[in-house]
Amino acid sequence: MTTDVPSRPKARAPRGFQDRRADALAVERKILAAVSRVYETYGFELLETGALEYADALGKFLPDADRPNEGVFALQDDDDQWMALRYDLTAPLARFVAEQSDSLPKPFRRYAFGPVWRNEKPGPGRYREFLQCDADTIGSDRPEADAEIIAMAVEGYGAAGLPPSAFTLRINNRKLLNGLLTAAGVGDSGQKLAVLRAVDKLDRLGATGVAALLGAGRKDESGAFTKGAGIASAAIDSVLAFVEAARETRIATLDRLAQVIGGSIEGDEGLAELSRIDDALTRLGVADDRAVFDPSIVRGLEYYTGAVFEAELSLQTPGDHGEPVRFGSIGGGGRYDDLVARFTGQRMPATGFSFGVSRLAAALAASGGGLEKARGPVVILALDGALMGEYFALAGELRACGVAAEVYLGSSGMRAQMKYADRRLSPAAVIMGGDEMAAGTVTIKDLDLGRSLAGAVTDNQTWRDDRPGQITVPRAEWLARVRRIVETAA
RNA sequence: GCCGCCUUAGCUCAGUUGGUUAGAGCGCUAGAUUGUGGAUCUAGAGGUCCUCGGUUCGAGCCCGAGAGGUGGUACCA
């Protein structure tokens, strides 16, 4: 073997994972703080569970039981037990409640936030690691619990900075369609699932596309064929009448639903629940344009048993090439009365909502335009190695007042140091070299002021002579001057 | 998972029928300017032409396979 070039690792983040810098993180942190505050005012307590769960605690809901590693990131512990990174915050909550049931007040109300991981194909705005922020009420089967979750979600989006016109909460109840299908003679659970998937595509394919998927099947433009649910044509008609029952107000939609649902015990139950949700929402001050009943809302999760919610971003944001980008769902949830019973065997009704924090942050960032960049610290220029002690003393004085400051620690000259401060978006640079030291002064440059004056300067000589935004003050005054500059910059 | 398109410098992209040492703009580093951000001029650094294999005297360019990206579609706890 000849001597090879040493093989170096390629520096790259795994696909579907992203590095995020201060600007992006600041947006997320603001959202989390705002939403957490809303949850706490409603009486929810914070809970944190670990990133890993035993796979069997999550596994029942994997899409394909034959491939337990599909969909989640799984690994085997040294005792051979399979563990998996959590894919949402609901399954870990169900495990926690089942495990700690005796010591918890019931109903138990908790909120939680943190990253979740999904091992699937990433896409634009779709990552394999992202943040969720959930609130759940466990141990109450009152529809008012659902209503409160919805009201909280609406309030949370507002607190996060979304204008009311930018999103809508859509509400449905699984029991309606289930009851309708049973009444129409569709009992097979595989068929019911196929119907749900078809209905989910209403906004994209329209009524005729959905009708095809409910019946024999549908061929799309690329020629790919999707097998249909294969239900009878009378049943197709009632399903279509059902999904198009949405009206202007929640009450009007309820009236219309009562007509098309055709009387089944389960359907009537669903209607009664929605009616009580409407009452409660009205009392909680959630208007008809903020939260609507929409029978076409499905949600993918099989574990939902009753009411389901979905928050949709209606805000249109221009993409990189000017075309509008639709972000779609920015959160969702629903009632899952059987999830805890998987562990305990005892029914434990529950309902919750999950905020898609990363999606929402991306949407806000894309639409915000004038999103402010993170400001850097005051930079103390390091002009003379013998004065480093002085520089650190200056930085210390600023820090003691709560002003972010740093001494330049690179080895470049003054020009590069100014560029450094500029790139960090520093409010000010502090210059103390031999001249200032001898005169007992400090030179301070207001970088924002200099930036705004720079446009008017045309030739280099003026630029250098004027030194825009720069002042030299006695040593005794420097701290007050810098602090004033920092305050106006912020 | 399936189908289409794409992959050349940090970024956006040129690159002639297959022919010497692969280019530009922006960005970056530095000088012009003893100690000053912008503008201007100058210089410099930076490349596995996605990877592997094949055809050829010769491949960034042609052929095959794979990877990654992207747009649909399916799935989405």
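Here is how names work: the chains are called A, B, and so on, in the same order as the sequence lines, proteins then strands, and each is numbered from 1.
- Enclosure of atom CD in A:Glu48 is not indicated, since only 12 or fewer non-hydrogen atoms of other residues, nucleotides or ligands lie within 6.0 angstrom.
- Between the side chain of A:Gln417 and the base of B:U36, no donor-acceptor pair under 3.5 Å is found.
- For B:A74, there is no paired nucleotide, since no Watson-Crick or G-U wobble pair has both relevant distances below 3.5 Å.
- Taking atom P on both B:U8 and B:G1, the two are 23 Å apart, rounded to the nearest angstrom.
- Distance noted for atom P between B:C75 and B:G10: 40 Å (whole Å).
- Base pairing annotation: B:U17 forms no Watson-Crick or G-U wobble pair, as no partner gives both donor-acceptor distances under 3.5 Å.
- One atom, CE of A:Met432, and another, P of B:U36, lie 18 Å apart when rounded to the nearest Å.
- Among the nucleotides B:A30, B:C76, B:G35, the one closest to any side-chain atom of A:Asp435 is B:G35.
- The separation of B:U17 from B:U12, taken at their C1' atoms, amounts to 28 Å, rounded to a whole angstrom.
- Here A:Tyr111 and A:Tyr39 bring their ring centres to under 6.0 angstrom of each other.
- Residue A:Arg464 places none of its side-chain N or O atoms closer than 4.0 Å to OP1 or OP2 of B:G38.
- Comparing B:A59 with B:G15, their C1' atoms are spaced 14 Å from each other, to the whole Å.
- One can place NZ of A:Lys201 at 14 Å from C1' of B:G72, the figure rounded to the nearest angstrom.
- B:A22 sits 13 Å from B:G47 when the P atoms are compared, rounded to a whole Å.
- Between the side chain of A:Thr441 and the backbone N or O of A:Met437 there is no donor-acceptor pair closer than 3.5 Å.
- Side-chain nitrogen and oxygen atoms of A:Arg415 include at least one within less than 4.0 Å of the OP1 or OP2 phosphate oxygen of B:G37.
- Applying the Watson-Crick and G-U wobble criteria (two distances, each under 3.5 Å), B:C5 pairs with B:G69.
- Rounded to whole angstrom, the span from the CE atom of A:Met418 across to the P atom of B:U36 amounts to 10 Å.
- Contact annotation for A:Glu436: base contact, defined as any heavy-atom pair under 4.0 Å involving a base atom.
- A donor N or O paired with an acceptor N or O is found under 3.5 Å between the base of B:U36 and the side-chain atoms of A:Arg467.
- Nucleic acid contact class of A:Arg197 (heavy atoms, under 4.0 Å, all strands): sugar-phosphate only.
- Without hydrogens or angle criteria, A:Ser140 side chain to A:Pro107 main chain gives no donor-acceptor distance under 3.5 Å.
- Remark: A:Arg423 is in phosphate contact with B:C28, judged by side-chain N or O atoms under 4.0 Å from OP1 or OP2.
- Rounded to the nearest Å, the gap between the C1' atom of B:G46 and that of B:C26 is 14 Å.
- With C1' as the reference atom, B:U55 and B:A65 are 15 Å apart, rounded to whole Å.
- The distance from the CZ atom of A:Arg481 to the OG1 atom of A:Thr472 is 10.0 Å, given to the nearest 0.5 Å.
- Within 6.0 Å of CZ on A:Arg451 lie more than 12 heavy atoms contributed by other residues, nucleotides or ligands.
- In this structure B:G44 sits in a base pair with B:C28, meeting the Watson-Crick or G-U test at under 3.5 Å.
- Among the heavy atoms of the strands, none lies under 4.0 Å from A:Gly413.
- With both pairing distances under 3.5 Å, B:U56 is matched to nothing as a Watson-Crick or G-U wobble pair.
- In this structure, the ring of A:Tyr420 has its center less than 6.0 angstrom from the ring center of A:Tyr408.
- Side-chain N/O atoms of A:Gln470 and base N/O atoms of B:G37 include no donor-acceptor pair closer than 3.5 Å.
- Here B:U33 sits opposite no nucleotide as a Watson-Crick or G-U wobble pair (both hydrogen-bonding atom distances under 3.5 Å).
- Taking atom CG of residue A:Asp466 and atom P of nucleotide B:A39, one finds them 17 Å apart after rounding to whole Å.
- Between A:Asp448 atom CG and B:G38 atom P the separation is 15 Å, expressed in whole Å.
- Between A:Tyr157 and A:Phe353, the ring planes are perpendicular. Angles over 60° get that label, and only those under 30° would be called parallel.
- When the side-chain nitrogen and oxygen atoms of A:Trp463 are compared with OP1 and OP2 of B:G37, one or more of them lie within a distance under 4.0 Å.
- Using a 4.0 Å heavy-atom distance criterion, A:Ser412 is classed as a sugar-phosphate-only contact.
- For the pair A:Leu453 CG and B:A39 C1', the computed distance is 15 Å after rounding to whole Å.
- Among the atoms of the strands shown, base atoms are found under 4.0 Å from some heavy atom of A:Asp446.
- Ring geometry for A:Phe96 against A:Phe108 counts as tilted: the plane angle lies between 30° and 60°, on a 0 to 90° scale.
- Each of A:Glu120 and A:Lys419 has a nearest nucleotide on RNA chain B; the 5'-most of these lies closest to A:Lys419.
- In this structure, CG of A:Asp422 is placed 9 Å from P of B:G37, rounded to the nearest angstrom.
- Nearest nucleotide to the A:Lys121 side chain, out of B:U73, B:G38, B:G69: B:U73.
- Taken residue by residue, residues 381-395 of chain A places no heavy atom nearer than 4.0 Å to RNA chain B.
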Subject >> Verdict with supporting geometry, A:Val210 and A:Val243, side chain to side chain contact (heavy atoms under 4.5 Å, CB included) >> reply: CA-CA 10 Å; A:Val210 171; A:Val243 297; 5.6 Å; no
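- Rounded to an integer number of Å, the gap from A:Ile444 CD1 to B:U36 P is 19 Å.
- Ranking B:G37, B:G69, B:C75 by closeness to the A:Arg15 side chain, first place goes to B:G69.
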